[in-house]
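For reference, the structure discussed in these notes is given below.
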Amino acid sequence: MNVLITGGAGFIGSHLADRLLARGDAVVAVDDLSTGSLENLTAARAQPRFSVRVGSADDPRLVAEALAGCDVAVHLAAAVGVRLIVERPVRTIETNVRATEVVLAAAAKRSTKVLLASTSEVYGKGSRVPFHEDDDLTLGATVKSRWAYACSKALDEWLAFAYASERRLPVVVARLFNTVGPRQTGRYGMVLPTFARQALRGEPITVHGSGRQSRCFGHVADAVEALVRLIDAPAAVGRVFNVGSDEETTIDDLAQRVKEAAQSDSPIVHVPYDEAYAAGFEDMARRVPDVRRLEECTGFRPRIALARMIEDVLQDQRARLVN
C-alpha cells in the first residue's frame, strides 16, 4: 500500500510512518516543519520506500503531486496545542480548514481514501461521559478563541462527510484523545511532556486551573495501531471513531504521579487559567471516550496503561535534556 501522511514529521505522523514502513508499505510525508521535525524521521528516511516533501498541506500543487499513486491519505497536519490555539486563533482556523479542503479536493479527483485525524476537542463543553461519536457537540461562544480549534476541526469533519456525500469520497474520521509518548514536545501546552520536563529539572510542576479536571491519555503506539486498523477496515468508511484510552485521571493526580515516577522534589503549584492563557478561558471538566465502536469495527482497543505512558515520556524527556 502507498500512503500519504500530512504532518508526517510530527509526533503522531512520524510514529505512523515508522509503523507503516515496518509492515512493508510505502510512505510519502508532507510537513512544513512548523511543529514537526526531520529528526522524528531519522529511521524512516533510511528506508527506500519513504520520501518526505517539505511544504504545507494547504499547497494544492504539492499535495496533488504527493498524493499521486497513493492508495490512502492520512491527514494529520493541523494547528496543535492549547497555547498556540489561544494565542494564534487565525492561524488555527486557516491552517485546519484550508489544509483539509486541499487534501479532500485532491483525494476526490482520484477517489483516494482519506483518514482524517480529528480531536476530542470537538465535544466542547459536553458533560455526558463517556463521549460517544454520535453525541451532539456543545461549543463555547465565538468570542472565546479557546473554541476555535474545536470548531475548525468539527468543520473539517463536516467537510469530509460533504465530500463523501457529493463526491462519493471514501472517508474515515478518527477523534484522537490526548495522545502522548516519545517525540512529543511541551512547546504548545501539551501537559504530560511539560510535567515531565519540569519534574526532571526540579522546577515547579504547573497545574492550570483547579487540577480537578480529568483527562484520558492514550499512548501513541495505541493511537497508531488504531489508525492502521481503520485504514485497513472497509467497514470504517463513512464513520467517526474515538481513539484513546478510557483510563481517567485528574490533572492533579497526573502531576503527582509524574513527580513520583521522576523521583523529583518539584513542588506542584496551581496557576489560574486567566494567568496561564487569557481572561475568561474555559475548559471542560472531563474528557472520556467511548471506544466500543473502534473495538467492534477493528477488534482493537487501546490498552497501554498510564503508568507506562508516564515512564515513556520521562525517558524521552531525559534524553532531550541530555542532548
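In what follows, residues are counted from 1 in the order of the sequence shown.
At a cut-off of 3.5 Å, with distance as the only test, a side-chain donor of Ser214 or Glu248 sits close to an acceptor on the other residue. Ser118 and Glu157 share a donor-acceptor pair across their side chains, judged by distance under 3.5 Å alone. In the model, Arg168 has no side-chain atom that pairs as donor or acceptor with a side-chain atom of Tyr163 under 3.5 Å. Checking Glu121 against Trp147 by side-chain atom types alone, no donor-acceptor pair falls below 3.5 Å. One side chain, Asn242 or Tyr123, offers a donor N or O that lies under 3.5 Å from an acceptor on the other.
Looking at Arg318 and Leu200, their side chains come closer than 4.5 Å, going by heavy atoms from C-beta outward. Inter-residue side-chain proximity for Phe217 and Val191 is flagged as met; some heavy-atom pair is nearer than 4.5 Å. With a 4.5 Å cut-off on side-chain heavy atoms, Leu230 and Thr298 count as touching. You'll find the side chain of Val207 reaches within 4.5 Å of the side chain of Phe195, heavy atoms only. Counting heavy atoms from C-beta outward, Val173 and Arg239 have side chains that stay 4.5 Å or more apart.
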Taking distance alone, no hydrogens or angles, what donor-acceptor pairs closer than 3.5 Å link side-chain atoms of residues 8-22 to residues at least two apart or in another chain?
from  : atom 1 : to     : atom 2 : distance (Å)
Ser14 : OG     : Gly10  : O      : 2.7
Ser14 : OG     : Phe11  : O      : 3.2
Ser14 : OG     : Arg183 : NH1    : 3.0
His15 : NE2    : Pro182 : O      : 2.9
Asp18 : OD2    : Arg183 : NH1    : 3.2
Asp18 : OD2    : Arg183 : NH2    : 2.8
Arg19 : NE     : Glu225 : OE1    : 3.2
Arg19 : NH2    : Glu225 : OE1    : 3.0

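Within the structure, the salt bridge (charged side-chain N to carboxylate O under 4.0 Å, His left out) test picks out the following pairs touching residues 30-58 (sequence neighbours left out): Arg53-Glu65.
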Check your understanding: Which is it for Thr100 and His75 under the side-chain hydrogen bond (donor to acceptor under 3.5 Å, both in side chains) test, yes or no, and what are the steps along the way?
Key -> CA-CA 7 Å; Thr100 298; His75 182 41; 3.1 Å; yes

Point to revise | Working for side-chain contact (heavy atoms from CB on, under 4.5 Å), residues Val114 and Val172 | key: CA-CA 6 Å; Val114 176; Val172 181; over 6 Å; no

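Looking at Asp71 and Arg110, no side-chain N of the basic residue comes within less than 4.0 Å of a carboxylate O on the acidic one, giving no salt bridge. Remark: Asp283 engages Arg146 in a salt bridge, criterion side-chain N to carboxylate O under 4.0 Å.
Of the candidates Asn96, Val97, Thr92, Asn96 is the only one forming a side chain to side chain contact (heavy atoms under 4.5 Å, CB included) with Lys153.
Figure legend: cation-pi geometry between Arg286 and Phe131 absent, as NZ or CZ is not positioned both under 6.0 Å from the six-membered ring centre and within 45° of its axis.
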